[in-house]
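For this chain, numbers begin at 1 and follow the sequence in order. Values in this document were obtained by computation on a predicted structure and should not be read as measured data.
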Amino acid sequence: MELTFLGGVGTVTGSKYLIDHGGSRLLVDCGLFQGYKPLRLRNWRPLPIDPSSIDAVILTHAHLDHSGYLPLLVKNGFKGLVHATQATCHLCEILLRDSGFLQERDADFANRHGFSKHKPALPLYTEADAKAALRQFRGAPFGETVTLAGALSATFVPAGHILGASSVTLESDGTKLVFSGDLGRRGMATMVDPTEGLEADYLVVESTYGNRRHSDEDPASLLATVIIETIARGGTLLIPAFAVGRSQTLLYYVEQLKREARIPDVPVYLDSPMAINASDIFCAHLDAHRLTPAQCHALCAVATYVKDVEDSKALDRDDTPKIIISASGMATGGRVVHHLKRYGPDPRSTVLFSGFQAGGTRGAAMIAGADQVKIHGSWVPIRAEVKSMDMLSAHADADGILNWLRSFQRAPRHTFITHGEPQGSEALRVRIKEELGWECSVPEQLDHAPL
């Protein structure tokens, strides 16, 4: 068995891990690169392998940095099946189609307004490409073993993080290769805890927060403070939020705060068709999270759903204090970018980020104190208050990752530390070596590891 790192190393995006075994090829995750332009440009380059040579793809979860390259993989010749949990399959139905739609729309917008260097600007793939890829998905329940090519099998167990997220064990001839996927946090308000007590000969573990600890501040109290202060200034609270997972968690807290009369009774808008659909899927998979049916339906009812583009534009013409939750979570695209053009320059308003911001994104720049960001080819001044709630992150922090590793039945022969920016991955490597005594390394792009 040989493992090749085609993405998700040196960065938190573009996760792609190739396994060659017994004449067969599997790809674990198939994500888009995001963030800095040199990373985004990788999406346009051919893969170093022929997509038609891949027999199957295993998805740990639906986020685009793990699934978003699939339409292009299929377009370029991949004919095999994509195996994932049932909830992941349902979420990918909206995430991948939306990704294709947005890329088509952004290319059209760039062509109409003439700010692209490319003539014409083209989408990486289309919504039709995404629909074609979705026909190759197959869902599996948690705990069920799926038989793959090359005498390999795959078993999915809950990883927390978002709906349907999994850690995956690949096994052949008694050798177990475990992929952590994106690990969730213990005790999250909405999601189940990551599964502990796994066994691995080799392990690939994420390191998004490998050098950080989450604040232990109560998220509901902090959110209440931000809302109260923003509304008192007569401003709007704009929350860029990932459509899957984060938006539902935010709605859960807003509903709780409203019900307990801890915040003013201001309008709340969920302005993301993808987040709206994801919320419906959330309520359809009651066995995949920790909320009761009543709690789930309450969080879905607390906001006005904004589906129409004209209704979205109307929010920016309305000076009434309000809360807008809109994708994307790093302010890299989607409707939130248009709201940012309107409310970013408004000193009465607040832009509240609710999770990890990858380097090179507008979110990372704003949290670092940027006084302007580039949107649609023009510089937009940032005068609004900018805040971050990292305790809402759906990723385990460094201590959470170490505690998950300590639960393993035995030390793996080797642990590969991936899906982190260089400082995070290296910090986690040092802790694993010193605290657990495990053999571990931080691979680089296109590294090969015989197992």
Side-chain angles (χ1 to χ4, degrees), residues 1-84 88 92 96 99 124-125 129 133 136 148-150 152 154 166-168 170 177-182 202-208 358-360 414-422 424-425 441-451:
M1 191 184 301
E2 183 175 67
L3 174 62
T4 304
F5 300 90
L6 303 182
V9 288
T11 175
V12 296
T13 67
S15 287
K16 300 181 190 74
Y17 309 111
L18 180 70
I19 295 97
D20 285 288
H21 178 66
S24 298
R25 277 187 156 172
L26 302 177
L27 196 63
V28 175
D29 285 340
C30 190
L32 284 176
F33 287 101
Q34 299 166 313
Y36 292 113
K37 186 174 181 179
L39 287 174
R40 300 196 310 272
L41 289 175
R42 291 186 190 178
N43 296 322
W44 294 88
R45 298 174 191 151
L47 284 180
I49 59 168
D50 181 357
S52 67
S53 71
I54 301 170
D55 295 289
V57 175
I58 308 294
L59 280 190
T60 60
H61 67 289
H63 276 153
L64 291 179
D65 57 334
H66 293 257
S67 72
Y69 192 86
L70 274 166
L72 199 56
L73 192 78
V74 171
K75 182 178 181 179
N76 290 335
F78 171 64
K79 304 293 185 185
L81 296 179
V82 179
H83 299 278
T88 294
C92 281
L96 296 183
S99 176
L124 183 65
Y125 55 81
D129 294 329
Q136 294 172 220
L148 306 168
L152 277 165
S166 61
S167 297
V168 179
L170 295 180
L177 169 59
V178 172
F179 292 84
S180 70
D182 281 2
Y202 300 95
L203 170 64
V204 178
V205 63
E206 68 120 325
S207 57
T208 308
H414 197 88
T415 296
F416 302 95
I417 301 159
T418 65
H419 201 271
E421 294 183 341
S425 296
S441 62
V442 179
E444 296 182 358
Q445 182 75 0
L446 300 182
D447 274 0
H448 299 276
L451 306 181

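Between F5 and Y17, the ring planes are perpendicular. Angles over 60° get that label, and only those under 30° would be called parallel.
The shortest heavy-atom contact between D50 and S53 is O-OG, 2.6 Å. Nearest heavy-atom pair, S99 versus Y125, reported as atom, atom and distance to 0.1 Å: OG-OH, 2.7 Å. The two residues S15 and H66 come nearest to each other via the heavy atoms OG-CE1, 3.6 Å. Summarising the geometry of F33 relative to L6, their closest heavy-atom pair is CZ-O, 3.9 Å, with the distance given to 0.1 Å.
Distance alone, capped at 3.5 Å, is enough to place a donor-acceptor pair between the S207 side chain and the T418 backbone. Counting only distance, with no hydrogens or angles, the side chain of D29 and the backbone of T60 share a donor-acceptor pair below 3.5 Å. For the pair T13 (side chain) and Q34 (backbone), a donor-acceptor distance under 3.5 Å is present. For the pair Q136 (side chain) and G80 (backbone), a donor-acceptor distance under 3.5 Å is present. Under the 3.5 Å distance criterion, the side-chain polar atoms of E2 are left unmatched by any main-chain donor or acceptor of L451. No donor-acceptor pair under 3.5 Å is formed between the side chain of T11 and the backbone N or O of G8.
Going from atom CG of L3 over to atom OH of Y202 covers 10.5 Å, rounded to the nearest 0.5 Å.
Applying the side-chain hydrogen bond (donor to acceptor under 3.5 Å, both in side chains) rule to S24 yields no partners; only residues at least two apart in sequence or on another chain are considered. Judged as a ring-ring contact (aromatic ring centres under 6.0 Å, His included), and not counting sequence neighbours, H21 has no contacts. Legend: residues meeting side-chain hydrogen bond (donor to acceptor under 3.5 Å, both in side chains) with S180, ordered by chain and number and at least two apart, are absent. Under the rule for a side-chain contact (heavy atoms from CB on, under 4.5 Å), the partners of E421 that lie at least two apart in sequence or sit in another chain are V12, F356, A358, Q423.
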Which atom pairs, one a donor and one an acceptor, fall under 3.5 Å between side chains of residues 67-79 and the rest of the protein, sequence neighbours left out?
from: S67; atom 1: OG; to: A62; atom 2: O; distance (Å): 2.8
from: S67; atom 1: OG; to: H63; atom 2: O; distance (Å): 3.3
from: N76; atom 1: ND2; to: L72; atom 2: O; distance (Å): 3.3

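Within the structure, the salt bridge (charged side-chain N to carboxylate O under 4.0 Å, His left out) test picks out the following pairs touching residues 13-24 (sequence neighbours left out): D20-R25.
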